[in-house]
Amino acid sequence: MERIKIFELLKSETPIEQILIKGWVRTRRDSKGFSFIEVNDGSSLKNVQVVVNDSVDNYSEIKKLTTGSAVAIRGKLVESKGGGQRWEIQAENIDIVHLAPDSYPLQKKRHTDEYLRTIAHLRPRTNKYGAAFRIRSEVSYAIHKFFKDRGFRYIHTPIITGSDCEGAGELFQVTALDLNNLPVKEGKIDFQEDFFGKEANLTVSGQLSAEMFCLGLGDVYTFGPTFRAENSNTRRHAAEFWMIEPEMAFCDNDGNMDLGEELVKHLTTYVMQECTEDLELFAKWVDKNLLSTLENTATSDYIRLPYREAVDILKKSAQKFEYDVHFGSDLQTEHERYLTERHFKKPVIVYDYPKAIKPFYMRVNDDGETVAAMDVLVPNIGEIIGGSQREERLEMLEARMDEVGMDKTPYWWYLDARRYGSVPHSGFGLGFERLLMLITGISNIRDVIPFPRTPNSIEF
Ligand code: 4AD
Ligand code: MG
């Protein structure tokens with residue numbers, strides 16, 4: 001007989017004569033002549049209640065079943081006599097696949113997020129993390145569908161690269177050299193001896209590669225892992241995170257902002273429609289305002305605010321900030337959150353940032369001082385998207401690279417693309433984990449990543 005998943009079982013319209021489920025015991029309690037087992041198989045937040053009559057063969061074994069044990073259950077799906085659920089299973093046969101010892105670390109009480117991080121291998125078995133990672137999976141699907149429906153092609157950009165797209169120097173180096181016996185030439189490590197014959201690193205962004213493909217295939221996107229060795233131990237930074245990076249040909253920064261807004265609205269709407277049960281858990285236990293935040297994110301018109309005006313608002317505000325703001329300073333999380341949570345009370349897109357605080361590839365505006373950048377800021381998180389129109393004019397791009405002191409040689413191909421059929425093009429990066437934080441109300445990025453990588457943490 002084929003196993004049926006609990007989420008399907010619970011949707012049944014009629015009783016079913018013969019079913020087989022497999023899962024893990026959440027709880028068990030005995031009453032006279034019966035044992036009641038709550039079983040969960042990870043396919044849904046809800047458990048199914050299994051009623052076992054003491055006439056079942058191995059009843060004495062079943063009475064020893066502990067939380068965490070794995071079972072395979074055959075029986076009937078029948079209307080539940082007890083309250084609280086429509087269906088229950090009347091067990092005919094229970095196969096104990098594996099009996100967990102009493103030391104199973106997940107007991108019925110609520111555990112703290114901090115504790116669960118120390119047992120990251122078991123946290124997918126809890127209600128909260130089961131829900132979080134089911135949502136992560138659903139949203140991944142929705143992202144691909146969003147782009148597919150709009151004619152974007154999915155490009156697999158490299159994980160190992162020789163460039164630093166953001167120019168922030170937060171690179172994890174990749175090497176095959178023996179670190180205890182490094183080849184040295186003229187007092188320096190000789191990377192010609194290394195695997196690629198030059199220095200390599202893990203990608204910080206797929207953008208530069210995506211740009212090349214956008215100039216051939218039109219609208220494209222990447223969706224993959226990116227790596228940053230930024231030593232900031234905050235609740236919104238991870239060393240390994242996923243980014244969604246669309247890149248559009250023949251598109252300026254206005255079109256870029258339109259797409260960013262549409263994408264965030266689409267994904268929040270999707271989750272509200274498709275993940276209702278899991279979302280309710282977060283609305284109940286994690287963030288009481290979650291549903292109104294999502295409703296607001298999904299339906300309001302996002303404010304579009306030039307950086308200069310953002311600075312004016314922040315300067316005039318009565319709020320005390322830890323960091324000072326003036327033209328030329330980067331917006332800190334506290335500033336971003338003030339704008340979106342307190343001042344406008346909805347998502348805000350800040351654009352036209354000073355060029356001095358943005359990477360080399362952004363298109364310089366006519367004022368010569370700002371670039372066609374755009375960041376989407378959302379409540380509780382701050383920046384969720386960072387993007388820009390790209391500098392498509394060769395001379396301007398070369399001048400910018402010189403200005404920021406970059407060695408142009410390794411970027412010859414990036415420059416070359418501006419020689420042949422260069423066109424205005426734009427794109428952005430949506431931080432996948434930050435999006436999940438917005439959607440679930442989970443306030444620490446470590447808790448939306450299956451096995452998070454942060455400074456001094458790579459246990460699992
Ligand atoms: O603003 P960022 O650095 O932009 C880029 O990397 C561009 N090359 C993207 C592009 O235009 N194609 O990063 C984009 C987003 C941020 O807005 C944030 O949501 C997320 O990536 N992000 C991080 N998320 C988690 N941990 C980190 N350390 C992150 N750094 C950036
Ligand atoms: Mg950014």
Side-chain angles (χ1 to χ4, degrees), residues 143 147 152 155 157 161 163-172 202-214 219-248 251 253 255-257 259-260 263-264 267 307 330-333 335-336 340 347-351 353-354 357-363 371-378 380-391 414 425-439 442-449 452-455 457:
I143 287 164
F147 286 114
F152 284 66
I155 309 297
T157 53
T161 71
S163 59
D164 178 4
C165 174
E166 296 307 292
E170 296 158 340
L171 306 176
F172 284 103
L202 295 178
T203 186
V204 296
S205 160
Q207 177 194 322
L208 304 186
S209 316
E211 278 187 56
M212 300 303 104
F213 272 76
C214 136
D219 296 339
V220 299
Y221 71 105
T222 76
F223 180 11
T226 49
F227 307 86
R228 293 189 190 180
E230 80 199 294
N231 208 349
S232 44
N233 228 326
T234 78
R235 56 173 196 83
R236 34 170 248 167
H237 288 91
E240 177 178 312
F241 60 99
W242 283 57
M243 229 202 286
I244 299 105
E245 297 182 89
E247 194 69 37
M248 292 168 289
C251 178
N253 207 29
N256 204 26
M257 292 191 255
L259 186 78
L263 177 60
V264 174
L267 297 175
Y307 167 91
D330 211 353
L331 300 185
Q332 303 294 325
T333 308
H335 305 132
E336 295 171 347
T340 171
V348 178
I349 310 183
V350 178
Y351 63 95
Y353 282 76
I357 56 168
K358 290 291 182 186
F360 74 96
Y361 54 72
M362 293 189 179
R363 192 178 197 279
V371 286
M374 68 99 175
D375 278 10
V376 179
L377 318 178
V378 294
N380 301 332
I381 291 154
E383 178 190 342
I384 193 170
I385 283 181
S388 71
Q389 182 167 345
R390 319 308 188 186
E391 184 56 80
Y414 188 74
H425 60 287
S426 303
F428 60 79
L430 166 62
F432 188 42
E433 285 75 17
R434 296 217 184 145
L435 172 74
L436 293 170
M437 291 167 73
L438 170 73
I439 284 173
I442 288 177
S443 59
N444 195 312
I445 197 164
R446 290 165 180 78
D447 299 333
V448 295
I449 302 178
R453 272 81 180 94
T454 51
S457 164

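Remember, it's 1-based here, ligands and their atoms both numbered in the order they're listed.
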Under 2.8 Å from the Mg ion (ligand 2), which protein N, O or S atoms are there? Could you list them by chain and number? E383 OE2
By side chain to side chain donor-acceptor pair (under 3.5 Å) - contacts of T157 (at least two apart): none
Just by distance, with hydrogens left out, do Q207 and Y361 show a side-chain donor and acceptor under 3.5 Å apart? yes
Test your reading of the model: is there a side-chain donor-acceptor pair from D219 to the backbone of M248, 3.5 Å cut-off? no
Is there a donor-acceptor contact under 3.5 Å from the side chain of S426 to the main chain of C251? yes
Do the side chains of F428 and V376 get nearer than 4.5 Å, heavy atoms only? no
Any protein N/O atoms within less than 3.5 Å of an N/O atom in ligand 1? List the atom names and distances, or say none.
| from | atom 1 | to | atom 2 | distance (Å) |
| --- | --- | --- | --- | --- |
| ligand 1 | 1 (O) | E383 | OE2 | 3.0 |
| ligand 1 | 3 (O) | R228 | NH1 | 2.8 |
| ligand 1 | 3 (O) | R228 | NH2 | 3.3 |
| ligand 1 | 6 (O) | E166 | OE2 | 3.3 |
| ligand 1 | 6 (O) | R228 | NH2 | 2.8 |
| ligand 1 | 8 (N) | E166 | OE2 | 2.6 |
| ligand 1 | 8 (N) | S205 | OG | 3.0 |
| ligand 1 | 8 (N) | Q207 | OE1 | 2.7 |
| ligand 1 | 8 (N) | Y361 | OH | 3.4 |
| ligand 1 | 11 (O) | Q207 | OE1 | 3.3 |
| ligand 1 | 11 (O) | R390 | NH1 | 3.3 |
| ligand 1 | 11 (O) | R390 | NH2 | 2.9 |
| ligand 1 | 12 (N) | E245 | OE1 | 2.7 |
| ligand 1 | 12 (N) | R390 | NH2 | 3.4 |
| ligand 1 | 12 (N) | F428 | O | 3.4 |
| ligand 1 | 17 (O) | E383 | OE2 | 2.6 |
| ligand 1 | 17 (O) | I384 | O | 3.4 |
| ligand 1 | 17 (O) | G386 | N | 3.3 |
| ligand 1 | 19 (O) | I384 | O | 2.8 |
| ligand 1 | 19 (O) | G431 | N | 3.3 |
| ligand 1 | 26 (N) | A238 | N | 3.0 |
| ligand 1 | 28 (N) | E230 | OE2 | 2.9 |
| ligand 1 | 28 (N) | A238 | O | 3.0 |

Between R363 and Q389 (side chain of the first, backbone of the second, donor and acceptor by atom type, cut-off under 3.5 Å), is there such a pair? no
Look only at the side chain of R228 and the backbone of V204, and say whether a donor-acceptor pair between them is shorter than 3.5 Å. yes
Donor-acceptor under 3.5 Å (D375 side chain, V350 main chain): no
Which pairs of donor and acceptor atoms, one on a side chain in residues 236-243, lie under 3.5 Å apart (sequence neighbours left out)?
| from | atom 1 | to | atom 2 | distance (Å) |
| --- | --- | --- | --- | --- |
| R236 | NE | T333 | OG1 | 3.4 |
| R236 | NH1 | E336 | OE1 | 3.4 |
| R236 | NH1 | I381 | O | 2.9 |
| R236 | NH2 | T333 | OG1 | 3.2 |
| H237 | ND1 | T234 | OG1 | 2.7 |

